[in-house]
Asks: 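Got a structure here, written out as structure tokens. Questions coming.
Index from 1, following the sequence.
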Amino acid sequence: GTCSGGGFDITLSSTLSETSHNISAQQVDAAGNSSGDSGALGISIDTSAPGAPGTPDLADGSDTGASNSDNITSDTTPQFVGACEDGSTVTINAAGFGDLSPTGTCSGGVYDITLNALSEDSYDLTAEQSDTAGNSGPDSGLLEVRIEIPTLTISLSGNTGADSVTSTGGSANPGDLSCPSVRCDVTYALDDNVTLNVSVDAASTFQAWSGDCAAWGSSLSGIITLNG
């Protein structure tokens with residue numbers, strides 16, 4: 001290449017083999033005088049795609065409900081783990097939804113990715129890894145995961161003519177209420193219909209919980225409010 005503006009820009013015409021190379025430069029001036037070699041730049045040529053990463057596995061802590069191995073969960077930010085090539089970037093893809101965020105970096109032969117919030121739906125998930133040279137491998141095996149938010153059926157007894165049951169995420173009585181962060185569905189499958197009954201007196205004062213989740217009443221009373 002010819003130096004221009006104090007710099008050179010050379011695209012090699014010969015193909016470098018897939019290995020490590022130490023690249024140095026030498027310049028020859030207009031009078032034919034040659035310089036010494038520059039310092040060496042070490043580069044690695046890698047054109048080989050990595051293999052498929054391990055099939056995503058829903059972490060036990062994210063597989064909520066009656067079983068921690070059925071891949072049915074109410075965790076909308078699920079955590080997935082699997083095998084991979086160290087240093088590669090792993091992306092989880094959901095059929096029909098595209099690539100999910102965030103990606104993860106393989107460390108110690110394992111990827112560990114907690115996804116951003118997903119909506120209630122069924123997802124067919126695969127993983128793909130790209131190595132540090134930018135080569136992408138094939139998809140992993142498929143994992144089907146279902147995100148399902150259990151519902152509480154709310155009933156009110158007592159001063160029913162004047163009161164309603166509401167929640168930060170629920171609807172007026174009678175209706176459905178998403179399970180709160182203090183969960184009452186730990187002993188139920190995610191497709192169960194869990195009941196919670198509340199009674200109030202004529203002055204709209206909370207009296208008692210009954211039903212499937214009555215044991216969680218002290219916690220739920222801070223989430224559900226009675227409005228007269």
Side-chain angles (χ1 to χ4, degrees), residues 50-131 137-154 167-170 176-196 209 211-224:
T55 301
D57 181 29
L58 181 63
D60 287 354
S62 279
D63 200 339
T64 63
S67 169
N68 65 359
S69 61
D70 61 2
N71 297 318
I72 303 173
T73 182
S74 62
D75 185 353
T76 58
T77 56
Q79 177 190 11
F80 295 93
V81 295
C84 51
E85 179 182 300
D86 271 353
S88 66
T89 299
V90 179
T91 302
I92 294 178
N93 179 277
F97 296 90
D99 291 342
L100 304 179
S101 296
T103 60
T105 300
C106 183
S107 177
V110 176
Y111 64 85
D112 186 338
I113 301 174
T114 298
L115 294 177
N116 294 338
L118 300 175
S119 58
E120 187 173 8
D121 213 323
S122 292
Y123 297 88
D124 292 332
L125 302 178
T126 56
E128 181 190 61
Q129 61 183 341
S130 298
D131 64 20
D139 289 344
S140 71
L142 183 144
L143 174 72
E144 183 177 351
V145 170
R146 180 157 61 96
I147 295 178
E148 183 172 329
I149 309 300
T151 58
L152 296 177
T153 299
I154 306 297
S167 165
T168 54
D176 293 330
L177 179 72
S178 294
C179 270
S181 57
V182 178
R183 299 165 57 85
C184 72
D185 67 312
V186 290
T187 57
Y188 301 97
L190 293 185
D191 54 357
D192 285 349
N193 189 38
V194 183
T195 61
L196 175 66
W209 298 108
D212 295 329
C213 289
W216 295 84
S218 59
S219 297
L220 292 172
S221 61
I223 298 171
I224 300 174

Asks: Can you see whether Thr64 engages Ser74 through a side-chain donor-acceptor pair at a distance of less than 3.5 angstrom?
Replies: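 Looking only at side-chain atoms, Ser74 and Thr64 do form a donor-acceptor pair, the distance falling under 3.5 Å.
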
Asks: Any donor and acceptor pair, going by atom type alone, linking the side chain of Ser62 with main-chain N or O of Pro78 inside 3.5 Å?
Replies: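 No.
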
Asks: Specify the closest pair of heavy atoms between Gly141 and Pro56, including all atoms of both residues, with the distance to one decimal.
Replies: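 Distance-wise, the nearest heavy atoms are O-CD, 3.8 Å.
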
Asks: Hey, could you give me the CG/CG distance between Leu143 and Leu125, rounded to the nearest 0.5 Å?
Replies: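 Reported to 0.5 Å precision, the distance equals 5.5 Å.
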
Asks: For residues Gln79 and Asp112, is any side-chain donor paired with an opposing acceptor at under 3.5 Å?
Replies: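 A pair is found: one side chain offers a donor N or O, the other an acceptor, under 3.5 Å apart.
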
Asks: Which heavy atom in Ala52 sits nearest to a heavy atom in Asp139, and how many Å separate them?
Replies: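 Distance-wise, the nearest heavy atoms are CB-O, 3.4 Å.
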
Asks: Any side-chain heavy-atom pair from Leu100 and Asn116 closer than 4.5 angstrom?
Replies: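 A side-chain contact under 4.5 Å is absent here.
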
Asks: Okay, side chain of Tyr111, backbone of Thr91: is any donor-acceptor separation there less than 3.5 Å?
Replies: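 No; judged by distance alone, with no hydrogens or angles, the pair does not exist.
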
Asks: Give me the atom names and distance for the closest heavy-atom approach of Gly54 to Ala127.
Replies: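 Minimum heavy-atom separation between Gly54 and Ala127: O-CB, 4.2 Å.
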
Asks: Taking the side chain as every heavy atom from C-beta outward, state whether Glu85 and Asp131 have any atom pair closer than 4.5 Å.
Replies: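 Yes - at least one pair of side-chain heavy atoms lies under 4.5 Å apart.
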
Asks: Going from CG on Asp60 to OG on Ser69, what distance comes out if it is rounded to the nearest 0.5 angstrom?
Replies: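 That separation rounds to 8.0 Å.
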
Asks: Roughly how far apart are Leu118 CG and Phe97 CZ, rounded to 0.5 Å?
Replies: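 Reported value, rounded in 0.5 Å steps: 8.5 Å.
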
Asks: Does a side chain donor of either Asp75 or Thr77 reach within less than 3.5 Å of an acceptor in the other side chain?
Replies: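 Side-chain D/A pair, Asp75 to Thr77: present.
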
Asks: Hey, is the main chain of Asn71 close enough, under 3.5 Å, to the side chain of Asp63 for a donor-acceptor pair?
Replies: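 Yes; at least one donor-acceptor contact below 3.5 Å.
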
Asks: Measuring from Ile147:CD1 to Asp121:CG, what's the distance to the nearest 0.5 Å?
Replies: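 Reported value, rounded in 0.5 Å steps: 8.5 Å.
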
Asks: Backbone N or O of Gly109 within a donor-acceptor pair of the Asp86 side chain at under 3.5 Å?
Replies: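 Yes: the side chain of Asp86 pairs with the backbone of Gly109.
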
Asks: Tell me the closest heavy-atom pair linking Pro50 and Gln129, and the distance in Å.
Replies: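 In terms of heavy atoms, the two residues are closest at CG-O, 3.6 Å.
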
Asks: Nearest 0.5 Å please: distance from the OH atom of Tyr123 over to the CD1 atom of Ile92.
Replies: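 Between atom OH of Tyr123 and atom CD1 of Ile92 there are 13.0 Å.
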
Asks: Any chance you could measure Phe80, atom CZ, to Asp57, atom CG, to the nearest 0.5 Å?
Replies: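 If we round to the nearest 0.5 Å, Phe80:CZ and Asp57:CG are 9.0 Å apart.
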
